[in-house]
Number of protein chains: 2
Amino acid sequence: MPETPTAFQRGHDHDRCVRHALSAAADHCREAGLRLTPLRRKVLQAVWRSHHPLGAYEICDALVAEGDQVLPPTVYRALDFLERNGLVHRIASLNAFIGCNQMGRHSNGRYLICSDCGSVAELPPDELLERFAFEAGAMAFEARSVRLEAVGRCAACAAGTTGP
Amino acid sequence: MPETPTAFQRGHDHDRCVRHALSAAADHCREAGLRLTPLRRKVLQAVWRSHHPLGAYEICDALVAEGDQVLPPTVYRALDFLERNGLVHRIASLNAFIGCNQMGRHSNGRYLICSDCGSVAELPPDELLERFAFEAGAMAFEARSVRLEAVGRCAACAAGTTGP
DNA sequence: AGAGAAAATGTTATATTGTTGCAATTCTTT
DNA sequence: AAAGAATTGCAACAATATAACATTTTCTCT
Ligand SMILES: [Zn+2]
Ligand SMILES: [Zn+2]
Ligand SMILES: [Zn+2]
Ligand SMILES: [Zn+2]
């Protein structure tokens, strides 16, 4: 069974992809006793709809464009909730957020960040990350999250099919 | 031969550690034909002296405290130079900079970030990172840098010998 | 040495990102 | 319904980073 890709990929039905993510998030929250309020849902939807990681102020703009009056603290609080509960990731080097496709295995992740077009692909965690957490433990470091970020050029940009 | 630790470690002669880093940086720049100007040297020294990753504005303050009048753009430009040339790393999740102890193998690295005390230890790159870069290449992603950031609790904090 | 080009730094203003604190509202529980 | 907890609205503000342009220093070539 193929992974749901986090980053936008050409030629797929992204509306369907977003709907799937939102319904999975709703399921996850119901099971975990979390409140996916309308605001949080809208923020999550804005993040998923985007083809790039979205900054907090871009999320503001997106919601305002839909007629909601939201200010930064509101968005940051919703993002806090979503990140704490593994529904989005913050890509620190971009000051931006991306939908998470690995709900429940939130703490570890691997990301391919294209410095040309800004797209980010999330790969599933693998045993290397877990092994690293174990090795860190041997050095008396208790790792809560292990994240690997590769910065470079994505296939589309290398092929010249995307503007910078 | 033991690695020079990036993060502060109890009970070592940190002045000596800083002097070593600065002289290694000077050597590196001389060999590479780079200009380690007085300003850049002072910024690098401020970063190395600190026991935590240092923010750009903290660096400003440190230099001002020594009698230099420096403003943010000046510091950011010096940091740009130092980072481009592998003398410091930016820890994106902390908006802060740390001296690099892996000059020349700058692009890949592994970091242990303590969320209690803010200390960061840099571990040397290993085959895990190279293997990941290779796998990314198989997916047509050209990785220029691969960095692993583990967030958790360091040994000192776990032992309760450090305040938060 | 001296002129011109390039690199580095100084300075002012501004842009971007993120937070604090408190009031108002909504949801949950008793 | 009443009390308490969680969420949201709102205004001001703090922290981080950059743009644009002037000035100085350094390098290069004659
Ligand atoms: Zn999609
Ligand atoms: Zn790209
Ligand atoms: Zn030291
Ligand atoms: Zn610590």
Side-chain angles (χ1 to χ4, degrees), chain A residues 25-26 29-30 32-47 50 52-64 66-85 87-98 113 115 118 120, chain B residues 25-26 29-30 32-47 50 52-64 66-85 87-98 113 115 118 120:
Chain A
C29 288
R30 190 168 335 101
L34 303 169
R35 292 174 53 191
L36 186 61
T37 63
L39 173 67
R40 290 165 174 171
R41 205 192 120 91
K42 283 175 186 173
V43 169
L44 182 58
Q45 176 172 289
V47 170
S50 167
H52 304 298
L54 217 51
Y57 280 73
E58 290 176 304
I59 293 170
C60 268
D61 294 346
L63 295 206
V64 167
E66 291 173 11
D68 299 292
Q69 162 64 357
V70 292
L71 292 166
T74 304
V75 169
Y76 278 104
R77 280 185 297 226
L79 288 170
D80 266 5
F81 168 87
L82 295 171
E83 198 187 16
R84 271 201 317 278
N85 297 113
L87 302 175
V88 304
H89 289 297
R90 180 170 190 271
I91 306 292
S93 60
L94 298 175
N95 295 331
F97 298 83
I98 187 179
I113 304 171
S115 54
V120 175
Chain B
C29 288
R30 191 170 333 101
L34 303 170
R35 293 174 53 190
L36 187 60
T37 63
L39 173 67
R40 289 165 175 172
R41 205 191 119 90
K42 282 174 185 170
V43 169
L44 183 59
Q45 176 173 291
V47 169
S50 167
H52 303 298
L54 215 53
Y57 280 73
E58 290 176 303
I59 295 171
C60 268
D61 295 345
L63 295 208
V64 167
E66 292 173 10
D68 298 292
Q69 162 64 357
V70 292
L71 292 167
T74 302
V75 170
Y76 278 104
R77 281 186 295 226
L79 287 170
D80 263 8
F81 168 86
L82 295 171
E83 200 187 14
R84 270 201 317 276
N85 297 112
L87 302 175
V88 304
H89 289 296
R90 179 169 192 272
I91 307 293
S93 59
L94 299 175
N95 294 333
F97 297 84
I98 186 179
I113 303 170
S115 54
V120 175

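Note on naming: letters A, B, ... go to the chains in the order of the sequence lines (proteins, then strands), and numbering restarts at 1 for each one.
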Just verifying a value: how many Å separate S50(B) OG and F97(B) CZ, rounded to the nearest 0.5 Å?
13.0 Å
Select from P73(A) and A78(A) the residue whose nearest nucleotide in DNA chain D is closer to the 5' end of that strand.
A78(A)
Determine whether L79(A) and I59(A) make a side-chain contact, defined as any pair of heavy atoms from C-beta on separated by less than 4.5 Å.
yes
Value for CG (N95(A)) from CD (E58(A)), rounded to nearest 0.5 Å, stands at 11.0 Å
Figure out the CZ/C1' separation between R77(A) and dC22(C), and round it to whole Å.
11 Å
May I ask you to say what L39(A) touches in the nucleic acid, namely base, sugar-phosphate or nothing, with a heavy-atom cut-off under 4.0 Å?
sugar-phosphate
Hey, is Y76(A) doing a stacking thing with dT19(C), by the 5.5 Å centroid and 30° angle criteria?
no
Could you tell me whether R35(A) contacts a base, only the sugar-phosphate backbone, or nothing, with contacts defined as non-hydrogen atoms closer than 4.0 Å?
sugar-phosphate
What closest approach, in Å, do L87(B) and C29(B) show between heavy atoms, and which atom pair accounts for it?
CD1-SG, 4.0 Å
Do the side chains of R90(A) and I98(A) get nearer than 4.5 Å, heavy atoms only?
no
For DNA chain C, whose closest nucleotide is more 5', that of V70(B) or that of R90(A)?
V70(B)
Looking across every strand, which nucleic acid part, if any, lies under 4.0 Å from T74(B) by heavy atom: base, sugar-phosphate, or nothing?
base
Does anyone know the first and last nucleotide of DNA chain D in reach of chain A, 5' to 3', at under 4.0 angstrom to a heavy atom?
dA6(D) to dA11(D)
Quick one: CG on L54(A) to CG on D61(A), what's the gap to the nearest 0.5 Å?
9.0 Å
Respond yes when some side-chain nitrogen or oxygen of T37(A) is under 4.0 Å from OP1 or OP2 of dT26(C), and no when none is.
no
Does L63(A) form a side chain to side chain contact (heavy atoms under 4.5 Å, CB included) with L39(A)? I'd like the steps, not just the answer.
CA-CA 9 Å; L63(A) 295 206; L39(A) 173 67; 4.2 Å; yes
Given atom CG of L36(A) and atom C1' of dC27(C), what is their separation to the nearest angstrom?
15 Å
Counting any heavy atom closer than 4.0 Å, what does R40(B) reach on the DNA or RNA strands: base, sugar-phosphate only, or nothing?
sugar-phosphate
dT16(C) OP1/OP2 closer than 4.0 Å to side-chain N/O of N95(A):
no
